[in-house]
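See structure below.
Numbering starts at 1 and runs along the sequence shown.
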Amino acid sequence: MNVKILWADDEIDLLKPHILFLNSKGYDVIPALSGMEALEILKKEFVNIIFLDENMPGLSGLETLQRLKKDYPHIPIVMITKSEEEHIMEDAIGSNIADYLIKPVNPNQILLCLKKNIDNKKLVTAKVTEDYQQSFRELSMRISDRLSVEEWNDLYRDLVNWEMQIEKIEDESVAEMLAAQKEEANVQFAKFVQRNYIDWVNGRGTDKPIQSHTVLKEKLFPSLSEQKPTFLFVIDNLRFDQWRCIYPLLHDYYYVEDETICYSILPTATHYARNALFSGLMPSVIAKKYPQMWLNENDQGGKNQFEEQLLGEYLKRYGKTMKYSYAKVLNADFGKKVFDNFNQLMHNALNVIVFNFVDMLSHAGTDVHVVRELAEDEKSYRSITASWFENSVLLDMLKYLSEKKIPVFIATDHGTIKVERPLKMVGERDVNTNLRYKVGRSSMDYPAKEVFEIKNPDDAFLPKENITQRFIFATKSDFFAYQNNYNQYVNLYKHTFQHGGISMEEMMTPFVKLLPK
């Protein structure tokens, strides 16, 4: 179907060469001699775009524009004028027009305007598809290579970048190609982690990532000062791609001075990773050094209720005897109370604020049908995170701190992955309930070749409750399903977002330093 253009201009006869040119390019032009005539035509005709002369007798271009925006808000409007007066430009642009052209316009200007506003999606789809297909082989070669930590970080950045570009185009086959490539990357990443994880946590070798228990010491502590407050926002369960999708909402307020990919420790779960983040210690060390602040898998009570105390001990160990605050925001009302107290917080050297929305979203996806529908795939999971952030008190806080010229840090404990393939397992009653990792005795039965086993928890600084206890971790997009009620279990959890295991999405997390503009 040809693109239809409504062109309203009281001197339309003088534009006949332009109209003939557009006809030759496959565009249909419907002429109108006034704003009123244009409004009458729109009652009968569907058009793709409107060219509107600013200086018409009777109903002026700006007056016509206001009526068009009210009745036809989704049709792009291009304002054309002889005048270069600033207030006219401001009025037109302030009305959210698609473009602004100054007479005399030439055919190529008009054609470019149409390409930008009508053919943009088709042109972007073609260009992104071509660029990704050209990069496909190079990405595949990198995935199959024996990469270093930094090379894996760069590869994951590139995959996320492609994912966010491809989600905007209308070509499902390209999205499927990328999904398959990302799946293969996760296969190789799991092998990379299995080969190196024990060495990383034991400090062996030079090629090791910044991990949960070292990130604050390396990336936050050097910036702390008694003279100026620093704010650390920990968004639980925030994936790297989710960070990338919320950053555009911060772009007007902050520069990104540093964006580091850190690695969550195993298990990639709040109980382990966030306690490690706030203590600067691995889980078994916390359990030995601060037994009153550590609960094992089957102990009753909240597993992350001592984060503030662990942070205080961490700061003291490194000589940071400064005033600090800690708050955990579980709902909007409490978030507003924390925000109302910001004037007082400005007297602290460090303020840590934890937001639990993204974690609650992933858990709600399992239990609440409506949420599961809203976050049914990677694209919608990012979208709902961005929507929350755009309307959150967290964004209000960040805008306020930008005005006050206060640097901020954004961190997380781990990410999530959408699980697809169940792994049958059998375990005793004391086996934990997480779908991506299991802690139990050697009597657990599972497909050993499909998982990462840590038979001696001491090797990975994980708490050991009995002599036969071991940890197993799902990789790729697998999840553990009990043999009893297997089908019911699979139907309940397949296609949900889970954490605890080994994948790029769970382990490779953002740590960002933002400087106010």
Side-chain angles (χ1 to χ4, degrees), residues 156 182-183 185-194 197 201 211-212 236-242 263-277 283 296-298 303-304 358-367 372 375 377-378 381 412-427 430-440 444-455 457 460 462-463 469-483 486 489-509:
Y156 186 46
K182 198 173 169 193
E183 186 176 349
N186 259 327
V187 170
Q188 300 304 323
F189 180 73
K191 293 177 182 177
F192 172 66
V193 172
Q194 291 177 64
Y197 186 77
V201 296
Q211 292 184 275
S212 306
D236 189 14
N237 224 353
L238 185 74
R239 302 192 330 185
F240 184 77
D241 61 331
Q242 290 172 309
Y263 284 40
S264 170
I265 63 164
L266 297 175
T268 50
T270 306
H271 178 195
Y272 296 89
R274 203 160 76 202
N275 278 327
L277 176 75
N296 286 311
E297 290 283 349
N298 294 309
K303 304 292 193 294
N304 289 80
V358 182
D359 186 57
M360 290 188 289
L361 172 63
S362 68
H363 289 302
T366 300
D367 304 322
R372 191 165 177 172
D377 57 26
E378 307 283 351
Y381 194 44
T412 189
D413 44 9
H414 57 79
T416 58
I417 188 169
K418 188 180 180 187
V419 296
E420 301 290 351
R421 190 176 75 125
L423 297 177
K424 279 187 181 180
M425 72 159 296
V426 176
D430 60 350
V431 173
N432 65 311
T433 58
N434 188 286
L435 300 182
R436 291 279 290 167
Y437 78 94
K438 294 295 180 184
V439 187
M444 285 192 300
D445 185 28
Y446 48 85
K449 291 183 179 179
E450 302 286 342
V451 305
F452 177 38
E453 298 174 296
I454 297 181
K455 294 181 179 179
L462 292 170
Q469 189 175 55
R470 64 181 59 192
F471 283 73
I472 59 171
F473 301 93
T475 64
K476 309 179 286 290
S477 60
D478 299 344
F479 68 101
F480 295 114
Y482 290 113
Q483 191 164 299
Y486 175 79
Y489 206 80
V490 170
N491 290 334
L492 181 61
Y493 293 113
K494 191 174 182 181
H495 309 314
T496 63
F497 289 89
Q498 303 292 334
H499 54 77
I502 300 173
S503 66
M504 297 181 297
E505 293 89 334
E506 290 164 289
M507 289 191 75
M508 301 173 81
T509 61

Taking only residues two or more places apart in sequence, or in another chain, which ones meet Arg274 in a salt bridge (Lys or Arg N to Asp or Glu O under 4.0 Å)? Asp236, Glu307, Asp413

Applying salt bridge (Lys or Arg N to Asp or Glu O under 4.0 Å), name anything that partners Glu183, two or more places apart in sequence or on another chain. none

Using the six-membered ring wherever Trp is involved, compare the ring planes of [X] and [Y] and label them parallel, tilted or perpendicular (cut-offs 30° and 60°).
X: Tyr156; Y: Phe240; value: tilted
X: Tyr381; Y: Phe497; value: parallel
X: Phe192; Y: Phe189; value: tilted

Indicate yes or no: at least one non-hydrogen side-chain atom of [X] is less than 4.5 angstrom from one of [Y].
X: Ile502; Y: Tyr197; answer: no
X: Glu505; Y: Asn186; answer: yes
X: Tyr272; Y: His414; answer: no

Pair Asn434, Glu297: side-chain N/O donor-acceptor within cut-off below 3.5 Å: no

Sequence neighbours left out, what passes side chain to side chain donor-acceptor pair (under 3.5 Å) with Tyr489? Give chain and number order. none

Nearest-0.5 Å distance that lies between atom CD in Gln498 and atom OG in Ser477: 12.0 Å

What is the distance from atom CG of Asn304 to atom OG1 of Thr270, rounded to the nearest 0.5 Å? 6.0 Å

Consider side chain to side chain donor-acceptor pair (under 3.5 Å). Of Arg239, Gln242, Lys182, which one does Glu378 pass it with? Arg239

